[in-house]
Each structure stands twice: as structure tokens, then as C-alpha cells.
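Counting begins at 1 with the first residue of the sequence.
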Amino acid sequence: MTTALHPRIALFGHDTPPSALPVVDHYCGVEARMRKSLALQAELGPVFDITLDAEDGAPIGGEAEHAQLISELATSTANRFGRVGARVHPWGHAAFEADVDTLIGKAGHRLAYLMIPKPQDADELALAVAAIDAACDRHGRPRLPLHTLIETHGALRDVFRIAAHPRIESLSFGLMDFVSAHWGAIPKSAMELPGQFEHPLVVRAKLEISAAAHAFGKTPSHCVVTEFRDTERLALAARKASLEFGYTRMWSIHPDQIRPIVEAFAPAADEIDEASALLLQAQAANWAPIAFDGRLHDRASFRYFWTVLERAARTGRPMPAAARQAFFPAAIG
């Protein structure tokens with residue numbers, strides 16, 4: 001009797017699927033907000049990541065103390081799921097090396113990733129990556145997954161080189177800094193809704209980042225929506241980012257944004273049911289072509305339906321018991 005092959009083994013061959021990151025990357029830098037975010041993650045589960053911000057969250061002159069605080073929170077019992085990362089200062093900033101040394105040395109075993117902001121180009125990113133890896137080696141820590149922000153002209157120019165870097169797991173679009181880098185040539189409305197989905201230069205940047213990430217199997221993470229009290233407009237923006245721009249992850253800057261983003265990125269119940277039934281039938285056929293609901297399917301379409309189930313798992317959606325048992329047995333219990 002042939003052992004049923006799991007979709008990740010049967011469907012992707014030599015292609016490595018992107019890391020299945022949570023669909024929300026929640027940023028916080030003030031101590032009270034950091035603690036509240038950790039409490040919310042404990043309540044909702046690992047459907048969102050928390051990035052503790054050592055860059056914009058640190059007061060000028062208090063960078064060392066802030067990095068120490070982040071290390072303490074990341075290694076505390078409040079970090080229940082191991083889905084807490086940290087953003088360091090940019091390469092070249094006076095606090096970069098100290099951030100890296102403190103965070104790796106004190107919390108490298110508990111951090112899920114480090115975020116590298118504001119690389120000026122692919123070469124500068126490579127220098128930052130090398131410094132972080134050297135710190136991991138020096139402290140005897142495993143090399144952390146690394147994320148980066150595309151928010152400068154040079155980084156956007158080099159975005160495909162950056163996405164190709166083997167140490168980069170995810171690319172985020174830094175909307176506010178990108179607009180500011182145009183010195184007033186892009187209006188303030190492009191940092192708001194609906195302007196951030198309409199201004200041609202911003203749209204171009206979003207599409208380039210998404211395309212580069214997908215070309216190299218990395219996770220594209222969509223930028224912030226600053227209208228944090230308008231959850232309806234936020235949800236519309238999240239759906240647009242997902243369905244029209246190809247993003248599989250999105251930033252949150254306020255706890256009230258987390259649930260609407262998770263909902264917007266989650267597949268609908270009928271999509272989950274369809275994908276479950278189709279993939280169970282395909283697995284029973286040892287992943288040979290099948291007829292399903294009057295249509296022919298093979299591994300090309302099987303891969304799409306697998307992404308539906310992975311998104312369901314990442315967003316905590318219920319799925320038929322048979323599919324969960326077959327494809328996500330570690331999540332049961």
C-alpha cells in the first residue's frame with residue numbers, strides 16, 4: 001500500500017514553497033503597546049506576528065535601553081508561540097551594531113526574525129545581513145530569518161536582487177518613507193486611502209515588490225494603513241492588497257487592525273471546503289490528474305488549492321476534519 005504523500009512533498013518538486021508566515025505583521029515600539037500586543041497574541045493564537053520596534057520605538061539617546069527591553073520581552077513567558085521578531089536600526093546608524101549584538105546575544109534563541117529597515121541598495125543589505133550573521137555565529141545562536149523594508153529609491157531599483165538574497169524571508173513596502181523620499185513630488189494623499197492604491201509611483205512600487213518576492217519564493221508584506229479607526233476601509237484595503245496586488249501578509253500598527261486584516265486575508269468557507277475535497281481526492285489518486293466538479297485538474301491547479309488551505313491554517317479558519325487530519329495533523333489537539 002502506497003503511503004499518501006503530503007502536498008508539500010508531492011506538488012512542489014524542486015521548488016521550495018514560501019515560508020508560511022502569519023498574515024499580519026504587527027508593529028509596536030512603546031512598552032505598554034508591546035505588552036498589550038503580546039497579551040492579544042496569547043488570546044488569538046499565532047495568527048499574527050509581533051515586531052518589537054527598536055528603530056522608531058526607541059527614544060533618541062535611549063536606544064540601548066530599548067533594545068534591552070525588547071530582549072526581555074522576547075525571552076519572557078509572554079512570548080508564548082515564538083512568533084515575535086524585532087526591527088533594528090538601519091545599517092550605518094550608530095545604534096545598528098549595538099541593537100544586533102544585544103538582540104542576538106540576549107534573545108536570539110527566542111526571536112522569530114529580524115527586520116532590516118532602509119537599505120539603500122542590495123549591496124548595503126548584504127553588508128547588514130553579513131553583520132547579523134556574524135553576530136549569530138559569535139554568540140552561538142542559529143542564524144535568524146531576516147526580513148527587509150523596501151522604502152528607498154535604490155532598494156526599489158534592486159528589489160529583484162534583494163528578493164534573491166538567500167537569507168531574506170520577506171519583503172515589506174515602507175510606504176511612508178518611500179513617499180517622503182520623493183521630497184514632495186508625491187502628495188500626502190498617496191500615504192492615505194484611497195491614494196496609496198491610486199498614485200502611479202506608489203502602485204508601481206507595490207507591484208514591483210510583490211512580483212520580486214513571488215519570483216524568488218519570498219513573502220511580500222503590504223504597507224501600513226494609517227486610518228486605524230476606520231476598520232471598514234482598512235478591510236477593503238487589505239482585500240485589495242491580497243486580491244489585486246498579490247500580497248500575502250500586511251502590516252498592522254494598532255491592535256484594532258489585526259482582526260480585520262486576518263479576516264480579509266482568510267479564504268471564505270466555501271473556498272476551504274472546495275479545496276479540502278479536491279485535495280483529498282487528488283491525494284487518494286496519488287496526485288494524478290482528476291475530474292472534480294465537472295472540471296479536469298492536475299498538479300498545476302492542485303498547487304493553487306493547496307495555498308487556499310495553507311491560508312486557512314495561517315488565519316485559524318475551520319476546515320473539514322478529514323482535511324485537517326490529512327494535511328495539518330500537528331495542529332490537532
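The shortest heavy-atom contact between M115 and S172 is CE-OG, 3.7 Å. A pairwise comparison of heavy atoms in P187 and V179 identifies O-CG1, 4.2 Å as the closest pair. When every heavy atom of L144 is checked against every heavy atom of C136, the shortest pair comes out as N-SG, 4.0 Å. Of all the heavy atoms in F302 and A282, the pair that sits closest is CZ-CB, 3.5 Å. Closest of all the heavy-atom pairs between D99 and A54 is OD2-CB, 4.1 Å. When all heavy atoms of L103 and A67 are compared, the closest pair comes out as CD2-O, 3.8 Å.
A distance-only check finds no donor-acceptor pair linking the side chain of K218 to the backbone of S210 [under 3.5 Å]. Formation of a donor-acceptor pair under 3.5 Å by the T148 side chain with backbone atoms of L171 is not found in this model. Between the side chain of E271 and the main chain of A268, a donor-acceptor pair closer than 3.5 Å is present. For the pair H6 (side chain) and R8 (backbone), a donor-acceptor distance under 3.5 Å is present. Panel note: side chain S242, backbone A238; no donor-acceptor pair is recorded below 3.5 Å. Remark: side-chain polar atoms of R317 are not paired, donor with acceptor, to backbone N or O of A266 under 3.5 angstrom. For H153 (side chain) and A181 (main-chain N/O), a donor-acceptor pair under 3.5 Å exists by modelled atom type. Formation of a donor-acceptor pair under 3.5 Å by the S170 side chain with backbone atoms of T219 is found in this model. With hydrogens and angles ignored, the 3.5 Å screen pairs no side-chain donor or acceptor of Q41 with any backbone N or O of P46. A donor-acceptor pair under 3.5 Å links the side-chain atoms of H214 to the main chain of G246, judged by distance alone.
Around the CZ atom of R157, the shell of radius 6.0 Å holds more than 12 heavy atoms that belong to other residues, nucleotides or ligands. Within a 6.0 Å radius of CD in E97, no more than 12 heavy atoms belonging to other residues, nucleotides or ligands are found.
Here the CZ atom belonging to R249 is positioned 5.0 Å from the CG atom belonging to L21, to the nearest 0.5 angstrom. Between atom NE2 of residue H109 and atom CD1 of residue I104 there is a gap of 11.5 Å, rounded to the nearest 0.5 Å. Here the CG-NE2 distance, from D56 to H66, works out to 9.5 Å after rounding to the nearest 0.5 Å. Residue L193 holds its CG atom at 5.0 Å from CZ of R233, rounded to the nearest 0.5 Å. Remark: I253 CD1 to C28 SG distance equals 11.5 Å, nearest 0.5 Å. For the atom pair R311 CZ and R314 CZ, the distance stands at 7.5 Å (nearest 0.5 Å).
Remark: the D25 side chain and the T51 side chain contain an N/O donor-acceptor pair separated by less than 3.5 Å. With 3.5 Å as the limit, one finds no donor-acceptor pair spanning the side chains of E55 and H89.
Residues satisfying the salt bridge (charged side-chain N to carboxylate O under 4.0 Å, His left out) test with R167, not counting sequence neighbours, are D133. Annotation: side chain to side chain contact (heavy atoms under 4.5 Å, CB included) contacts of L236 (sequence neighbours excluded): R239. For the side chain to side chain contact (heavy atoms under 4.5 Å, CB included) test, residues two or more places apart in sequence or in another chain that qualify with P7 are L11, W287, W306, F327.
Side-chain contact between Y247 and K206 is present, with at least one heavy-atom pair separated by less than 4.5 Å. For the pair E198/V203, no side-chain contact is recorded, criterion being any heavy-atom separation below 4.5 Å from C-beta on. Taking the side chain as every heavy atom from C-beta outward, I186 and H199 approach each other to under 4.5 Å. Looking at P320 and D273, their side chains come closer than 4.5 Å, going by heavy atoms from C-beta outward. Taking 4.5 Å as the limit, every side-chain heavy atom of L44 sits out of range of all side-chain heavy atoms of V262. Taking the side chain as every heavy atom from C-beta outward, L52 and I50 approach each other to under 4.5 Å. Within the 4.5 Å cutoff, side-chain heavy atoms of P220 are placed close to those of T248. Counting heavy atoms from C-beta on, the side chains of P255 and K36 never come closer than 4.5 Å.
Criterion: ILVMFWY side-chain heavy atoms under 4.5 Å apart, direct or through other members. Under it, I209 and Y113 are not part of a common hydrophobic cluster. Two different hydrophobic clusters hold V47 and F328 under the rule that ILVMFWY side chains link at heavy-atom gaps under 4.5 Å. Note: the hydrophobic cluster containing L243 does not contain L234 (ILVMFWY, side chain heavy atoms under 4.5 Å, direct or indirect links). No single ILVMFWY cluster, assembled from side-chain heavy atoms under 4.5 Å apart, contains both L40 and F228. Following chains of ILVMFWY side-chain contacts shorter than 4.5 Å, one can reach Y304 starting from I290, so the two form part of one hydrophobic cluster.
Screening W251, F197, F265 against H222 for a ring pair (Phe, Tyr, Trp, His ring centres under 6.0 Å) leaves a single residue, F197. Here the options are L149, V224, V202, L156, the test is side chain to side chain contact (heavy atoms under 4.5 Å, CB included), and the partner is F173; only V202 passes.
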Should D137 and R143 be marked as a salt bridge (charged side-chain N to carboxylate O under 4.0 Å, His left out) after you check the CA-CA gap, both sets of side-chain angles, and the distance that decides it?
CA-CA 8 Å; D137 296 345; R143 291 188 171 184; 2.5 Å; yes
What's the verdict on side-chain contact (heavy atoms from CB on, under 4.5 Å) for V24 and Q257, showing C-alpha distance, side-chain angles and the deciding distance?
CA-CA 9 Å; V24 179; Q257 294 183 321; over 6 Å; no
As a quick check of understanding, evaluate side-chain contact (heavy atoms from CB on, under 4.5 Å) for L73 and R35, giving each step before the final call.
CA-CA 8 Å; L73 291 173; R35 293 187 183 280; 3.4 Å; yes
Applying side-chain contact (heavy atoms from CB on, under 4.5 Å), run through V225 and M250 and close with a yes or a no.
CA-CA 9 Å; V225 168; M250 183 169 173; 3.7 Å; yes
Worked check of side-chain contact (heavy atoms from CB on, under 4.5 Å) between L279 and E274:
CA-CA 9 Å; L279 290 172; E274 179 187 26; over 6 Å; no
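Here K106 does not pair with D101 in a salt bridge; the nearest charged N to carboxylate O distance is not below 4.0 Å. In summary, D177 and K118 engage in a salt bridge, as defined by a charged side-chain N under 4.0 Å from a carboxylate O. Look at R259 and E43 and you find a salt bridge, because one of the NZ, NE, NH1 or NH2 atoms lies within 4.0 Å of a carboxylate O, short of that distance. The pair K188-E192 meets the salt-bridge criterion, since a charged nitrogen lies less than 4.0 angstrom from a carboxylate oxygen. Salt bridge D121/R161: absent, no basic N to carboxylate O contact under 4.0 Å.
The aromatic rings of F96 and W91 sit perpendicular, their planes meeting at an angle over 60°, well past the 30° parallel limit.
Aromatic ring centroids of F305 and H297 lie under 6.0 Å apart.
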